[in-house]
Protein chains: 2
Amino acid sequence: MLDRRSGQALYRQLADTLRDRILAGDLPPGGELPSEGIIAKSYNISRDAVRQAIAVLRSEGLIVTVRGRRSSVRRQAPLEEVRAPAAARITARMPTSAERTHFDVPEGVPLLVVQFGETEELYAADRVVVCTPPPRKR
Amino acid sequence: MLDRRSGQALYRQLADTLRDRILAGDLPPGGELPSEGIIAKSYNISRDAVRQAIAVLRSEGLIVTVRGRRSSVRRQAPLEEVRAPAAARITARMPTSAERTHFDVPEGVPLLVVQFGETEELYAADRVVVCTPPPRKR
DNA sequence: AGTTATTTGTCCGTATGTATA
DNA sequence: ATATACATACGGACAAATAAC
């Protein structure tokens, strides 16, 4: 239950409990959360607080929200392996809104940036894993 | 200026214009945005809409917000190079709230995940770049 | 095909708390 | 201590997308 005098924000407490349920497998991938209104009523908090909690989990890449539908636990597709060249530099950053549309990634999913020489390649982190070359035989 | 009949949400339009100013270098790293109240007044929108726009940019890792202070453009520290072992798998994901505290990263900064064998190492993507081994001499 | 109900998205207002300057 | 500024929480209203029938 949520505690109004805990010093912790209500929406953070709610996000923590929902996250725990997701990571524990209580809410399986693809599973739907109750509607914002239902959650708000069941915890006696405003819909605004519920939306903030959901926004937290969405920005962590744990859930996905589509307008008109209840939020659902994000499904993780099998990752495609991409071979990194030698002497490459690999970083990650969040996409802008336009890049999110372009790469078709939901909120909370970073981009992998692979740089080598002049080139820079971008990959959606929910579909790609970058692999370093295997050790050389000799 | 913002257009109420454009079909685009006000806060998205505002986020786009602010992002453009940041990426164009108009607002330099470390530079402060006007306060939420000032922005709201200057665009004739609610403070709530301004906060949503700022939340967008924060989740993209472009700005940093500290309570009581105006938001500022995120500074990018020089990246420490970490050598990736051979046959490693490199992915990225967003940290949970607890991990954000543990790694001391602001919102909008992913974690780099380097897996090899049984081990899995995590790095804050705003401080570390992962490097693949250089080509072998022969 | 079309209508209704459900649900999330956007926008506004107000109030209060808490951190910073 | 005062002023400024962001954070939290509530409320209401309407729009827009989806789902159900």
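Remember, predicted model here, so these are calculated numbers, not experimental data. Residue numbers begin at 1 in each chain, while the letters A, B, ... track the order of the sequences.
- In this structure, B:Arg21 contributes its side chain and B:Asp26 its backbone to no donor-acceptor pair below 3.5 Å.
- Put simply, CD on B:Glu32 is 12 Å from C1' on D:dT4, counting in whole angstrom units.
- Considering every non-hydrogen atom in both B:Met94 and B:Glu99, the closest pair reads O-OE1, 4.4 Å.
- Between A:Pro95 and A:Pro110, the shortest heavy-atom contact is CD-CA, 4.3 Å.
- A chain of hydrophobic side-chain contacts below 4.5 Å, direct or via other Ile, Leu, Val, Met, Phe, Trp or Tyr residues, connects A:Ile63 to A:Tyr43.
- B:Glu36 places its CD atom 11 Å from the P atom of D:dT8, with the value rounded to the nearest Å.
- Under a hydrophobic-cluster definition in which Ile, Leu, Val, Met, Phe, Trp and Tyr are linked whenever side-chain heavy atoms come within less than 4.5 Å, directly or via other members, A:Ile54 and A:Ile22 are assigned to the same cluster.
- In this structure, B:Arg58 atom CZ and D:dA7 atom C1' are separated by 10 Å, rounded to whole Å.
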Provide a list of protein-nucleic acid N or O atom pairs under 3.5 angstrom, restricted to nucleotides 12-16 of chain D.
| unit_1 | atom_1 | unit_2 | atom_2 | d |
| --- | --- | --- | --- | --- |
| D:dA16 | O4' | A:Arg67 | NH2 | 2.8 |

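- Nucleotides of DNA chain D nearest to A:Gln13 and A:Val66 differ in position, and the one nearer the 5' end is that of A:Gln13.
- Of all heavy-atom pairs spanning B:Val113 and B:Leu122, the tightest one is CG2-CD2, 3.6 Å.
- Following rounding to the nearest Å, B:Arg70 (CZ) and D:dA7 (P) show an atom-to-atom distance of 14 Å.
- With distances taken from any side-chain atom of A:Arg12 to the nucleotides D:dT8, D:dC6, D:dA9, the minimum falls on D:dT8.
- Rounded to an integer number of Å, the gap from B:Arg69 CZ to D:dC6 C1' is 12 Å.
- Listed here is the closest heavy atom pair of B:Leu79 and A:Thr91: CD1-CG2, 4.0 Å.
- Residue-environment remark: CD (A:Gln76) exceeds the threshold of 12 foreign heavy atoms within 6.0 Å.
- Of all nucleotides in DNA chain C, those with any atom nearer than 4.0 Å to a heavy atom of chain B start and finish, going 5' to 3', at C:dT10 to C:dA21.
- Summarising the geometry, the separation between CG on A:Leu10 and P on D:dG11 is reported as 12 Å, rounded to the nearest angstrom.
- Salt bridge status for A:Arg19 with A:Asp16: present, with a side-chain N to carboxylate O gap under 4.0 Å.
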